[in-house]
Amino acid sequence: MTSVDTLMQPDAQGFFGPYGGQAVPEHLKKIMDEIAQAYVEISQTQAYQDELAELYQYYVGRPSPIYFAKRLSAHCGGARIYLKREDLNHTGAHKINHCLGEALLAKHMGKTKVIAETGAGQHGVALATACALVGLPCEIHMGAVDIAKEHPNVTKMKILGARLISVTRGTQTLKDAVDSAFEAYLEDPQNFIYAIGSVVGPHPFPMMVRDFQSIIGREARTQFPQLTGRQPDYVAACVGGGSNAMGIFSGFLDLPEVKLVGVEPAGRGFAIGDHAATLSYGQPGTMHGFHSYMLQDPQGEPLPVHSIASGLDYPSVGPQHSYLKDLGRAEYHAVDDQACLDAFIKLSRIEGIIPALESAHALAWAMQKAPELDADACILVNLSGRGDKDADFVAEQLGL
Ligand SMILES: *Cc1c(COP(=O)(O)O)cnc(C)c1O
């Protein structure tokens, strides 16, 4: 079997097996290498580790608990379902884990501005929060269409002091926001930093963001045996770019008896533009600065994608997931919008926990799997975020 080091550590060019790398112009490669070097140096110092550990504990509220969903398990029948409660973090999801890491790194590197795009505003709010905390200017690019749709998050970013750029070109959504933010970054990449929102983009971001999120897996590996006397049979997480999944998977990679399951959005069907199940239906390709499975047209342009959970509608996936898929160390399944909505309502009404629509995908998979397993089997679901942001939308969908 491939050693855990090989599964975890990219090579010197940033490849996990054939995936990853730095598909960017030469001058940007140099800057990415500087970030990689600064990250490796700083992350090994005690001061940085202490600073991040203290923020995780006293600011984010870590460790997040693991909760046995007893009533939901009884409802499904079969295996016991446990939840890693990332929804209880400050700002309501796992994204704060890597945004704090990126903001601290930016401060240590003397960067003068943190730039990013946001789709539904989740990454924007988490990053604006982290930048407020470390005292760095933050500039968030967001499509005008998304700005009109996502009022609470837009307001939060403004309150937190971020500069919000409304992007009015093209379809005025995420893709155009990425282009706009990247152009702003290229004006001065030496002094600015582009804070990528998942385990995607050129090296070192897939490795770095994974490291910041790996706190989830380290905690879970210690907590689960304390609770049950053993490790789980399955660890499941939703996969958009793949950061919350890589975070929890990384705690269990060296335990072959623990099966790792990534859950992608099957959306409303398998036609182009109706889903975002990259690992289930995509092919290896290159875009956004890295090589991975992608949903691409023959010209290499990203295909349109859809999911009821806006945090999952990305036409590629982190390179480490592509590698884990090819090696068979993780399996990837797709869950559609309807099953997601059903899981959302079930968890709300049976356990009194309103999950994010993203997280409800992983939960839906667990609810389908549990009845196939016997009563002493355990499934640990990473509940990546809470559903406050989705409440109005779901109520409208269901006519509540
Ligand atoms: C953004 C988001 C995701 C998707 O991002 P990953 O990088 O795949 O983890 C999942 N869940 C929640 C709650 C999110 O906000």
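For the single chain, residues carry numbers from 1 onward in sequence order. Start at 1 and go down the list; that is how both ligands and their atoms are numbered.
- If you number the atoms of ligand 1 from 1 as listed, the ones under 4.0 Å from a heavy atom of Gly311 come out as 4 (C).
- Using a 4.0 Å cutoff on heavy atoms, Gln213 does not count as a contact of ligand 1.
- Using a 4.0 Å cut-off between charged side-chain N and carboxylate O, Asp342 and Lys346 make a salt bridge.
- Checked against a 3.5 angstrom limit, the closest N/O atoms of His94 and ligand 1 fall inside it.
- For a threshold of 3.5 Å applied to N or O pairs, the pair formed by Ser359 and ligand 1 contains no separation below that value.
- Below 4.0 Å from some heavy atom of Ala356 lie the following atoms of ligand 1, by number and element: 13 (C).
- Clustering ILVMFWY residues whenever any of their side-chain heavy atoms sit less than 4.5 angstrom apart, transitively, puts Ile215 in a cluster other than the one holding Leu83.
- For ligand 1, the atoms closer than 4.0 angstrom to any heavy atom of Gly240 are 8 (O).
- Side-chain rings of His203 and Phe290 stay apart, their centers remaining 6.0 Å or farther from each other.
- Compare Lys95, Gln122, Glu358, Glu86 by their heavy atoms: the one nearest to atom 15 (O) of ligand 1 is in Lys95.
- The contact set between ligand 1 and Ser243, taken as ligand atoms under 4.0 Å from a residue heavy atom, comprises 6 (P), 7 (O), 8 (O), 9 (O).
- The residue from Gly242, Gly387, Ala309 that puts a heavy atom closest to atom 8 (O) of ligand 1 is Gly242.
- Polar contact with ligand 1: absent for Val199 (N/O pair, distance under 3.5 Å).
- Of the N or O atoms in Asn244, one or more lie within a sub-3.5 Å distance of an N or O in ligand 1.
- Taking the six-membered ring wherever Trp is involved, the centroid distance between the rings of Tyr234 and Trp365 falls below 6.0 Å.
- The residues Lys107 and Glu51 are annotated as salt-bridged, a charged nitrogen and a carboxylate oxygen being separated by less than 4.0 angstrom.
- Nearest to atom 12 (C) of ligand 1 by heavy-atom distance, out of Gly385, Ser384, Ala93, is Ser384.
- Taking the six-membered ring where the residue is Trp, the centroids of Tyr82 and Tyr67 are separated by 6.0 Å or more.
- One distance of note links CZ of Arg80 with CG of Leu227; it measures 9.0 Å at 0.5 Å rounding.
- Separating the CG atom in Leu341 from the CG atom in Asp337 is a distance of 7.0 Å, to the nearest 0.5 Å.
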